[in-house]
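All remarks here apply to the structure that follows.
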Amino acid sequence: MPDVMSSSRLIGVGVGPGDPELVTVKGVNALRAADVVVVPVMDTGERGRAEATVLHYVPQEKVVRVVFALNERSDHGRREAAWDAAGERVAQLLAAHTSVAFATIGDPNVYSTFTYLAHTIGELVPGVVVETVPGITAMQDLAARSGAVLTEGTEPLTLVPVTAGSTVLKDALNGPGTVVAYKFGRQAAEVAEVLRETGRLGDAVWGSALGLEAESIRPAAELDGAPLPYLSTLIAPARRDGTRGGKL
């Protein structure tokens, strides 16, 4: 186990959904102030959104690519082994540096790989200080780009990862308020059917690759059942009567 001074810091930095201009000033400062910036990489080696965003603000030589099994959904043992290996690598970096930043798309406290890393590091490196810098989420970016209002007045907001199953999404859509669905690309056909069954198809909107060249934002009614990019986001706004302040 690496010998790490208690003053070492691991900082999870949210870098937003992909558009480099949506990294906060605090996030940019944290990336630049860190000794090294870790970016998660799939075992295929391709550059991810977090790495692409970080390289707008820090030089390549400061970036350390660490493999996470981000595309592993079925083999629990293989995924755990990848997380353990990644944790060991970051622990080594903390032994050599005072401040290590970890860049994650979106926000580090919302369905982020950083959660698993922080848990692992907490066990490997007792005394390390773990901090997070919030980031703009995909649902905020999609709302801004599509004109969808996330909440009004007393409306609740429910965020559902469709990897939990379409039943969870259906239950949320049958409830009040706005529903946001993440990670539904591979189950696009099921999502479209659930939207129709619950009467929430008309105002819903989906988007992928927000802020990037491949950006696509369309009404959910245009979903034809074909698979979408894994990191697709759906907003099904609350049922509203069109009056100003109707939910106050």
Side-chain angles (χ1 to χ4, degrees), residues 2 4 8-73 78-122 124-125 128-138 141 182-183 208-214 229-231 233:
V4 179
S8 295
R9 296 163 62 230
L10 174 64
I11 309 150
V13 181
V15 296
D19 183 346
E21 292 186 340
L22 291 181
V23 185
T24 67
V25 173
K26 186 169 185 176
V28 171
N29 288 340
L31 293 172
R32 289 175 172 168
D35 297 320
V36 294
V37 178
V38 172
V39 294
V41 181
M42 292 194 295
D43 52 9
T44 55
E46 62 196 71
R47 177 176 291 173
R49 291 189 195 177
E51 181 178 6
T53 303
V54 164
L55 290 175
H56 280 80
Y57 298 105
V58 299
Q60 179 73 63
E61 57 267 25
K62 188 174 176 176
V63 175
V64 177
R65 308 176 92 228
V66 175
V67 173
F68 285 76
L70 301 178
N71 58 341
E72 180 55 70
R73 308 294 167 189
R78 181 170 175 270
R79 187 172 66 240
E80 290 285 335
W83 287 343
D84 289 342
E88 289 284 356
R89 179 71 180 105
V90 174
Q92 293 169 1
L93 292 170
L94 285 164
H97 302 282
T98 302
S99 176
V100 175
F102 179 89
T104 177
I105 59 171
D107 182 277
N109 293 303
V110 180
Y111 299 131
S112 170
T113 307
F114 182 74
T115 303
Y116 313 125
L117 176 63
H119 179 82
T120 303
I121 291 298
L124 289 176
V125 190
V128 67
V129 177
V130 178
E131 304 172 357
T132 57
V133 177
I136 292 173
T137 61
D141 196 12
Y182 276 0
K183 306 177 183 180
S208 64
L210 301 174
L212 305 175
E213 286 187 11
Y230 174 69
L231 291 176
T233 300

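Within the 4.5 Å cutoff, side-chain heavy atoms of Ile121 are placed close to those of Val90. In this structure, the side chains of Val54 and Lys62 stay at 4.5 Å or more apart for every pair of heavy atoms. Arg9 has its side chain out of reach of Thr98: every pair of non-hydrogen atoms, C-beta onward, lies at least 4.5 Å apart. Two residues are said to be in side-chain contact when any heavy atoms from C-beta on lie closer than 4.5 Å; Val64 and Val37 fail this criterion. At least one side-chain heavy atom of Leu94 sits less than 4.5 Å from a side-chain heavy atom of Ser8.
We find the CD-CG distance between Glu80 and Asp84 to be 6.5 Å, quoted to the nearest 0.5 Å. Residue His56 holds its NE2 atom at 12.0 Å from CD of Glu51, rounded to the nearest 0.5 Å. Expressed to the nearest 0.5 Å, how far CG of Leu10 lies from CZ of Phe102 amounts to 8.5 Å. Between the OG1 atom of Thr233 and the OH atom of Tyr182 there is a distance of 5.5 Å, given to the nearest 0.5 Å.
The minimum heavy-atom distance between Pro108 and Pro134, with the atom names listed, is CD-CA, 4.2 Å. For the residue pair Leu117 and Gly87, the shortest heavy atom distance occurs at CD1-CA, 4.0 Å. The minimum heavy-atom distance linking Pro229 with Ser208 is given by the pair CG-OG, 3.8 Å. Pairing each heavy atom of Ala86 with each of Phe68, the nearest pair is CB-CZ, 3.5 Å. In terms of heavy atoms, Ala103 sits closest to Val39 at CB-CG1, 4.2 Å. Ala30 approaches Val133 most closely through the heavy-atom pair CB-CG2, 4.1 Å.
Distance alone, capped at 3.5 Å, is enough to place a donor-acceptor pair between the Asp35 side chain and the Ser99 backbone. With hydrogens and angles ignored, the 3.5 Å screen pairs a side-chain donor or acceptor of Arg32 with a backbone N or O of Tyr57.
Here Ile105 pairs with Arg49, Ala50, Leu231 under the side-chain contact (heavy atoms from CB on, under 4.5 Å) rule; sequence neighbours left out. Every residue meeting the side chain to side chain donor-acceptor pair (under 3.5 Å) condition with Ser112, not counting sequence neighbours, appears here in chain and number order: Thr104. Residues forming a side-chain contact (heavy atoms from CB on, under 4.5 Å) with Asn109 (at least two apart in sequence, or on another chain): Asp107, Thr132. Annotation: side-chain contact (heavy atoms from CB on, under 4.5 Å) contacts of Thr120 (sequence neighbours excluded): Leu124.
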Sequence neighbours excluded and cut-off under 3.5 Å, please list the side-chain donor-acceptor pairs for residues 16-28, or say none.
unit_1 : atom_1 : unit_2 : atom_2 : d
Asp19  : OD1    : Glu21  : N      : 3.0
Asp19  : OD2    : Arg145 : NH2    : 2.9
Thr24  : OG1    : Gly27  : N      : 2.9

From CA spacing to verdict: side chain to side chain contact (heavy atoms under 4.5 Å, CB included), Val38, Arg65: CA-CA 6 Å; Val38 172; Arg65 308 176 92 228; over 6 Å; no
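The neighbour count for Tyr111 OH, taken as heavy atoms of other residues, nucleotides or ligands under 6.0 Å away, is above 12.
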